[in-house]
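For this chain, numbers begin at 1 and follow the sequence in order.
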Amino acid sequence: QVQVVESGGGLVQPGGSLRLSCVASGMILRVNDMGWYRQAPGMRRELVAGITRDGVTNYADSVKGRFTVSRDNAKNTVYLQMNSLEATDTDVYYCKAAGVTTVAGYYDDAWGQGTQVTVSS
């Protein structure tokens, strides 16, 4: 079983910054892609930023230039540095680990429970 746990969400004023962290655990040997998604109530979950094992990144147009995704393969951890936050960034942010190989088997993907980010004055 793979566990994915996010942390770092909270309340921040417009223009402020937050850093989200996500760690995958469960006797993991390898994680291919990791990424951050967000979802507002009643809306589809959308990709915010993704990163491959080799460090290739991709971003939603709405966050380009403001958010930076990075990862530590040795720690099975991915980060999302969010700067110049706007009210429209308010959402629950979910972490996903994709292509996970463990000692017990292979998992296509594993999701965290989400962390709330609220941007408000």
Side-chain angles (χ1 to χ4, degrees):
Q1 191 77 7
V2 176
Q3 295 83 40
V4 176
V5 179
E6 305 99 336
S7 61
L11 173 65
V12 63
Q13 293 186 341
S17 299
L18 278 177
R19 188 189 194 215
L20 305 183
S21 299
C22 165
V23 59
S25 61
M27 303 183 73
I28 293 174
L29 301 174
R30 178 188 174 94
V31 180
N32 287 340
D33 301 334
M34 301 189 80
W36 291 95
Y37 293 72
R38 63 188 181 188
Q39 185 173 24
M43 304 294 286
R44 291 176 54 189
R45 191 170 295 185
E46 62 176 11
L47 175 69
V48 177
I51 184 167
T52 70
R53 184 173 181 82
D54 295 331
V56 177
T57 60
N58 65 299
Y59 296 92
D61 288 342
S62 59
V63 307
K64 285 180 180 177
R66 300 188 298 123
F67 291 10
T68 302
V69 63
S70 60
R71 67 185 284 177
D72 184 333
N73 290 335
K75 298 180 180 179
N76 298 319
T77 299
V78 63
Y79 307 96
L80 185 67
Q81 178 65 44
M82 305 186 292
N83 298 329
S84 302
L85 282 161
E86 305 167 354
T88 51
D89 294 317
T90 296
D91 268 322
V92 179
Y93 284 70
Y94 296 88
C95 175
K96 174 182 164 182
V100 184
T101 302
T102 74
V103 296
Y106 179 83
Y107 296 82
D108 287 333
D109 55 62
W111 291 88
Q113 294 298 306
T115 185
Q116 177 70 46
V117 172
T118 302
V119 184
S120 175
S121 56

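- Between T115 atom OG1 and L18 atom CG the span is 9.0 Å, to the nearest 0.5 Å.
- The minimum heavy-atom distance linking A97 with A24 is given by the pair CB-CB, 4.4 Å.
- Considering CZ of R71 and OG1 of T57, their distance stands at 12.0 Å, rounded to 0.5 Å.
- Counting only heavy atoms from C-beta outward, the side chains of V78 and C95 approach each other to under 4.5 Å.
- Note on L47: it clusters hydrophobically with V92, by side-chain heavy-atom contacts below 4.5 Å among ILVMFWY residues.
- Between Y94 and W111, the ring planes are perpendicular. Angles over 60° get that label, and only those under 30° would be called parallel.
- Of all heavy-atom pairs spanning T77 and K75, the tightest one is OG1-O, 2.8 Å.
- V69 is connected to V63 through a chain of hydrophobic side-chain contacts under 4.5 Å among Ile, Leu, Val, Met, Phe, Trp and Tyr, so both are in one cluster.
- Distance check: D33 CG to D109 CG gives 10.5 Å after rounding to the nearest 0.5 Å.
- Looking only at side-chain heavy atoms (C-beta outward), M82 and V48 stay at 4.5 Å or farther from each other.
- Both W36 and V12 belong to a single network of hydrophobic side chains, linked directly or stepwise wherever heavy atoms of I, L, V, M, F, W or Y lie under 4.5 Å apart.
- Note that CG of N32 and CD1 of I51 are 13.0 Å apart. Values are rounded to the nearest 0.5 Å.
- Proximity of a side-chain donor or acceptor of E46 to a complementary backbone N or O of R44 within less than 3.5 Å is not detected.
- Judged by distance alone, the side chain of R66 and the main-chain N or O of S84 form a donor-acceptor pair under 3.5 Å.
- The backbone N or O of Y93 lies less than 3.5 Å from no partner atom in the side chain of D91, so there is not a single donor-acceptor pair.
- When every heavy atom of G99 is checked against every heavy atom of Y106, the shortest pair comes out as CA-OH, 3.2 Å.
- Among L29, V100, V4, I28, the single residue meeting the side chain to side chain contact (heavy atoms under 4.5 Å, CB included) criterion with N76 is I28.
- With hydrogens and angles disregarded, a donor-acceptor distance shorter than 3.5 Å links the side chain of E6 to the backbone of Q113.
- In this structure, OG in S25 is found 11.5 Å from CE in M27, a value given to the nearest 0.5 Å.
- Contact detail for V119 and D89: the closest heavy-atom pair is CG2-CB, 4.2 Å.
- Using modelled atom types, no side-chain atom of R53 and backbone atom of M34 make a donor-acceptor pair closer than 3.5 Å.
- Residues Y37 and L85 do not share a hydrophobic cluster, clusters being chains of Ile/Leu/Val/Met/Phe/Trp/Tyr side chains in contact below 4.5 Å.
- For the pair V117 and L20, the minimum side-chain heavy-atom distance is below 4.5 Å.
- Closest heavy-atom contact between A98 and V31: O-CG1, 3.9 Å.
- One distance of note links CD of Q116 with OG1 of T90; it measures 7.0 Å at 0.5 Å rounding.
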